[in-house]
Amino acid sequence: MHDIRLLRDQLDLLREAMRRRGRLGELQPLLDRAEWLERERRAAITELEAEQARRNKVTQEVAQRRKAGEDAAALIAEGRAIGEQITGLEQRRNEAEAAVQAMLYELPNITLPEVPEGDESHNTVVKSWGTPRADGATLVPHWDLGAALGMLDLPRGAKVAGSGFIVYRNAGAKLVRALMNMMLDLHTAQHGYQEAWVPLVVNRASMTGTGQLPKFEEDMYAVPSDELFLIPTAEVPVTNLYRDEILDASDLPMGLCGYSACFRREAGSAGKDTRGLLRVHQFDKVELVRYSTPEDSRHQLELLTAHAEAVLERLDLPYRRVLLAAGDTGFSSAMTYDLEVFAPAVGKWLEVSSCSVFTDFQARRANIRFRAAPGEKPRFVHTLNGSALAFSRIIACLLEHHQQADGSVRIPDALQPYLGRVELR
RNA sequence: GGACAGGUGGCCGAGUGGUUGAAGGCACCGGUCUCGAAAACCGGCAUACCGGCAACGGUAUCGUGAGUUCGAAUCUCACCCUGUCCGCCA
């Protein structure tokens, strides 16, 4: 969410930000209306507070007369009339405020200057590591290989829950545990993250804090009877850990990592890259979250991204880092690097991580602040997060990239101790 | 799920419907004293918003939201959270 003051004195900044995302045409009317509503809101407040001040005077006068034993009937009548005025003005203020708020919730974050403008065709590969296999045509796709190895049971997943819900079995199930432990050990022991094990459902306030609500309610599984939502990523509970709190400057930068299952309805993407493990309704993920000062957040994005990349390097999977163009950058994000790994049999680069800095966009929504020094005013922190990593696509890439001529799969050295074997066959 | 008890400032804690933004204490900051420190004493110490170049003025905030009233931390209702006991249960 943006600072409401931008609507007053930096409207062109917002306008330019929307243009860079290629959404000005669509959002211009909303911006205009929001600007008008903000003026209306303040006008209502000014009038309302004048009436409230008047009422407070009358009220005190009543008290004094009562004490002196004088008659206060006229004043009480006046107070009643003012009260009616106030009720009307309050309603006017509330309506304007709710309307402005609703519009602010619809506006995406302002991207950093170095983010290329335009749509996804302007995404830029800024780094490559390793060599993708060129013999993909000769390889068995992960869904067939996984089934052949007894690791993946997609038909029964569909039976017990539905299409897109995966059953891992035998070495596949153990592989999930191995990946979880390997990643969490790396981030806690080498990268300085605290570990958190968090709820898989959150309330509406948390979903609003990180930006999933109110705009993306359709994308989430919900438990309406309890007003809870299944998390699409551990980003939501982990970032909201410090909602409505003031951190000490000495706490920053702070890193938290956590494993969670992630639930996504993927409404509207039926049939698109949905084979095997490419796009599923429930997957596992280790998430990194960082809190930093505003001055340091850009640097923190590089650190965070490097932490995610370290996992890929340990898994010996060739990847590339893509700087997303403004139009492809997520709603809450100011700058995002996607990490993509090549799945040779599928013949596609798969997004296995998305590392973002949200500037103060989430912190303002979630009201997460820090005090730079004792006595100073609290300021909003900057939040960051990134997957490190999403398991299902990693498993797909492991099965394809490390596939050997006889249909077995080599297990990367770093994973061997966790899985307890050197290959799958 | 049921029955009680409770939610007040950074923390503890008072608060008969009428200068209560809220006593008192602790913590914190500044000062006096001291070679220095402690103690003692003096003073300061919430947040957000509106108006104003500013000085400053105003409004709101006692878990949340509604209501009663000229006026609500205080009364009523609903909800949320915490604690204790009972029930149920992995």
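Any value given below was found using the heavy atoms of this structure, including those in side chains, with hydrogens, waters and symmetry copies removed. Computed from a predicted structure; not experimentally measured. A, B, ... follow the sequence lines: proteins, then strands. Residue 1 opens every chain.
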Could you tell me which non-hydrogen atom of A:E400 sits nearest to which non-hydrogen atom of A:V140, and how far apart they are?
-> CG-O, 4.3 Å

side-chain contact (heavy atoms from CB on, under 4.5 Å) against A:E95, all qualifying residues, sequence neighbours excluded = A:Q91

Go through the steps for A:D316 and A:R410 under the test salt bridge (Lys or Arg N to Asp or Glu O under 4.0 Å), then give the verdict.
-> CA-CA 11 Å; A:D316 199 15; A:R410 180 178 73 83; 2.8 Å; yes

Watson-Crick or G-U stems of RNA chain B, 3 or more pairs, under 3.5 Å, by first number = B:1-7 with B:80-86, B:10-12 with B:24-26, B:28-32 with B:40-44, B:46-51 with B:56-61, B:63-67 with B:75-79

Contacting residues from residues 95-107 of chain A, given that a heavy atom lies under 4.0 angstrom of RNA chain B = none

Are A:R204 and A:E217 close enough, and set up right, to give a salt bridge (Lys or Arg N to Asp or Glu O under 4.0 Å), and what steps lead you there?
-> CA-CA 10 Å; A:R204 186 170 285 276; A:E217 187 151 0; 3.3 Å; yes

Go through A:R93 and A:E47 one step at a time and tell me if the salt bridge (Lys or Arg N to Asp or Glu O under 4.0 Å) criterion holds.
-> CA-CA 10 Å; A:R93 193 250 343 243; A:E47 269 188 67; over 6 Å; no

From CA spacing to verdict: salt bridge (Lys or Arg N to Asp or Glu O under 4.0 Å), A:R379, A:E295 | CA-CA 12 Å; A:R379 300 160 63 200; A:E295 292 74 21; 2.9 Å; yes

By salt bridge (charged side-chain N to carboxylate O under 4.0 Å, His left out) - contacts of A:R425 (at least two apart) = A:D406, A:E423

For the side-chain contact (heavy atoms from CB on, under 4.5 Å) test, which of A:L288, A:T210, A:T383, A:V198 pairs with A:V238?
-> A:V198

Pairs satisfying ring pair (Phe, Tyr, Trp, His ring centres under 6.0 Å), at least one member in residues 56-90 of chain A, at least two apart = none

With sequence neighbours excluded, what pairs up with A:R42 under the side-chain contact (heavy atoms from CB on, under 4.5 Å) test?
-> A:R8, A:E38, A:R39

Listing time: all N or O pairs from protein to nucleotides 15-18 of chain B that are below 3.5 Å?
residue, atom, partner, partner atom, Å
B:G18, O6, A:R66, NH1, 2.6
B:G18, N2, A:T59, O, 3.2

Ring pair (Phe, Tyr, Trp, His ring centres under 6.0 Å) partners of residues 287-308 of chain A, not counting sequence neighbours, each pair once | A:H191-A:H307, A:Y193-A:H307, A:Y242-A:Y291

Those residues that, when tested against A:V126, pass side-chain contact (heavy atoms from CB on, under 4.5 Å) (two or more places apart) | A:T124, A:R321, A:L323, A:Y337

Does any residue of residues 72-79 of chain A have a heavy atom under 4.0 Å from RNA chain B, and if so, which ones, in number order?
-> A:I76, A:G79

Of all residues at least two apart in sequence or in a different chain, which pass the side-chain contact (heavy atoms from CB on, under 4.5 Å) check with A:K215?
-> A:R23, A:E106, A:F331

Treat primed atoms plus P, OP1 and OP2 as sugar-phosphate and everything else as base, then score nucleotides 48-65 of chain B 5' to 3': B for base contact with protein heavy atoms under 4.0 Å, S for sugar-phosphate contact only, - for none.
-> SSBS------BBS-----

Without swapping roles, check the side chain of A:R20 against the backbone of A:V115 for a donor-acceptor pair under 3.5 Å.
-> yes

